[in-house]
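Report on the following structure.
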Amino acid sequence: MADADRTPAAAATAPVRGRWREIARQSNLLGADGTLASTIFAEMSALAARTGAVNLGQGFPDTDGPRSILDGAVAQILGANNQYPPGRGVPALRRAVAEHQRRFYGLEVDPDTEVLVTAGATEAIAACVMALVEPGDEVVTLEPYYDSYAASVALAGAVRRTVPLRFPDYRLDVDALAAAVTPRTRLVLLNSPHNPTGHVLGRAELEAVARVAVEHDLLVVTDEVYEHLTFDGIEHVPLATLPGMAGRVVTISSAGKTFSVTGWKVGWVVASKEVVDAVTTVKQFLTYVNAGPFQPAVADALALGDDFYTGVATRLQAGRDALVEGLLDVGFTVSVPQGTYFVVADAAPLGYADGLTLCRELPERAGVVGVPVQVFHDDVEAGRSLVRFAFCKRPEVIADAVARLKALHRG
Ligand code: PMP
Ligand code: GLN
């Protein structure tokens, strides 16, 4: 298909040149006229702002995290904690991350050598890929994939190989995973709970990943930013907890989703000392350090009681239920998510064959914004008519969006 059909509207007017052209192409962001397109999240949030539509596109909550967390950051700023933090992150946060891994997963982590604080999970992903692969190496990811995976792999000069997850159950095809591995494969880049599908990898799927990793001597980077956002009692199992895996797993998470502070951009990497050293080398030349006053505030947040953690998931599950029910009522086919902020819905039963076209028209047709799933696919056909909607919103906002979407009813 033509690039123009699958990329968001052009964000820049000058053509992209040199090796950046290839990086933009591999990241699905090169427009047909050779200019760089904005990410789908930026395009759809701009569309929502321009039209006043209800924004169920970009995944950010419309209420902030608990007041105590916000007060903590204010106190740090007013308490003169506004200069560079240490390169690996403030000790209190590294200790809190290690304690979090012990408390929730029984993992023993050395906060001094096995934790690195990053500028959100996004920097963690980029720094891990750049540190751990050589140009020409292959990286295996699940498809659909979060957009920055494609960009990070391209920036590292590596090659993306994908393992399809298919609507509506989105289960991992273990044979496809094994088939995606070649002698050039260096890394598996996993994500669970999975954006955009909402699928949570179960123990059997994770055991299959572990078998493949051991058999081919691969490292696995696992992006677990939605680790606390699972529903219906489904348990998030970190890959690092599987027997024998701690040494080859690089775990990434972030404060943004758990504490509803996506703008703070505080993330972390947990891995062996050797891997953390390598990733730190890259991180120090990307941002050097980040988020000085926010780091101690996140350390305190991580220590919040179990009530906080279960409360977040319970509220989000109510949002999921309301949106899933509403989308079904409108006439979409829906994949009920087991976790994350997102639900994927098929617009084909409503007569809309192309999700990208629909998303661009949706503000006008119904006053709502969603994100087309096809932009996260190499096999565009597999996601052609699918739209991702975010339910990390207040109940009245979800109800309003559902009422508006009824305008899509054909008849
Ligand atoms: N990974 C996934 C799967 C995400 O959905 C997101 C953003 N929502 C990120 C990484 C980036 O996280 P951060 O905002 O902490 O950079
Ligand atoms: N992770 C958010 C989402 O999936 C968006 C973050 C971004 O805009 N890069 O919607």
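We count ligands from 1, going down the list as the structure has it; atoms in each ligand are counted the same way.
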_Give me the nearest non-hydrogen protein atom to atom 11 (C) of ligand 1 as residue plus atom name, then the distance to 0.1 Å._
Thr122 OG1, 3.3 Å

*Please say whether more than 12 non-hydrogen atoms of neighbouring residues, nucleotides or ligands are located less than 6.0 Å from CD in Glu325.*
no

*Compute the ring centroids of Phe104 and His236, then answer whether they are less than 6.0 Å apart.*
no

*Is it the side chain, the backbone, both or neither of Phe342 that has a heavy atom closer than 4.0 Å to ligand 2?*
side chain

_Residue selection (non-hydrogen contact nearest atom 9 (N) of ligand 2) among Phe60, Tyr146, Phe376_ = Tyr146

_Tell me the protein heavy atom at minimum distance from atom 7 (C) of ligand 2, and give that distance in Å._
Phe41 CD1, 3.5 Å

*Under the side chain to side chain contact (heavy atoms under 4.5 Å, CB included) rule, what do Asp329 and Lys406 come out as? Steps first, then yes or no, please.*
CA-CA 8 Å; Asp329 200 31; Lys406 297 216 163 111; 3.3 Å; yes

*For atom 14 (O) of ligand 1, the protein heavy atom that lies nearest, with its residue and separation*: Lys265 NZ, 3.3 Å

*asked:* In this structure, is the centre-to-centre distance between the rings of Phe308 and Phe259 below 6.0 Å?
replied: yes

*Considering only protein heavy atoms, which is closest to atom 3 (C) of ligand 1, and at what distance to one decimal place?*
Asp223 OD2, 3.3 Å

*atom 15 (O) of ligand 1 - nearest protein heavy atom and its distance*: Ser254 OG, 2.7 Å

_Gly59 N/O to ligand 2 N/O under 3.5 Å_ = yes

*Flag the pair Tyr341 / Phe391 as yes when their ring centroid distance falls below 6.0 Å, and as no otherwise.*
no

*Any idea which of Val371, Asn195, Asp147 brings a heavy atom closest to atom 4 (O) of ligand 2?*
Asn195

_Counting only heavy atoms closer than 4.0 Å, does ligand 1 sit against the backbone of Lys257, its side chain, both, or neither?_
side chain

*Check Arg388 against ligand 2 and report side chain, backbone, both or neither, counting heavy atoms closer than 4.0 Å.*
side chain

*Decide whether a cation-pi geometry holds between Lys393 and Phe60; the criteria are a distance under 6.0 Å from NZ or CZ to the six-membered ring centre and an angle within 45° of the ring axis.*
yes

*asked:* Using a strict threshold of under 4.0 Å (side-chain N to carboxylate O), is an ion pair present between Asp378 and Arg160?
replied: yes

*Sub-4.0 Å atoms of ligand 1 with respect to non-hydrogen atoms of Asn191*: 3 (C)

_Counting C-beta onward and ignoring hydrogens, is there a side-chain heavy-atom pair between Arg320 and Val343 closer than 4.5 Å?_
no

*Between Ala119, Ala121, Cys392, Ala255, flag the one that comes closest to atom 12 (O) of ligand 1 by a heavy atom.*
Ala121

*Applying salt bridge (charged side-chain N to carboxylate O under 4.0 Å, His left out) between Asp112 and each of Arg88, Lys273, Arg94, Arg95, report the one that passes.*
Arg94

*Atoms of ligand 1 less than 4.0 Å from Asn195 heavy atoms?*
3 (C), 4 (C), 5 (O)

_N or O contact, Tyr149 vs ligand 1, cut-off under 3.5 Å_ = no

_Is the ring pair Tyr309/His100 parallel, tilted or perpendicular, if the boundaries are 30 and 60 degrees?_
tilted

*Nearest protein heavy atom to atom 8 (O) of ligand 2, by residue and atom, and its distance?*
Gln58 NE2, 2.7 Å

*Do any N or O atoms from the side chain of Asn191 and from the backbone of His194 form a donor-acceptor pair under 3.5 angstrom?*
no

*Is Tyr226 in contact with ligand 1, taking contact as a heavy-atom separation below 4.0 Å?*
yes

*Before signing off on this row, confirm whether Thr262 and ligand 1 have an N or O atom pair separated by under 3.5 Å.*
no

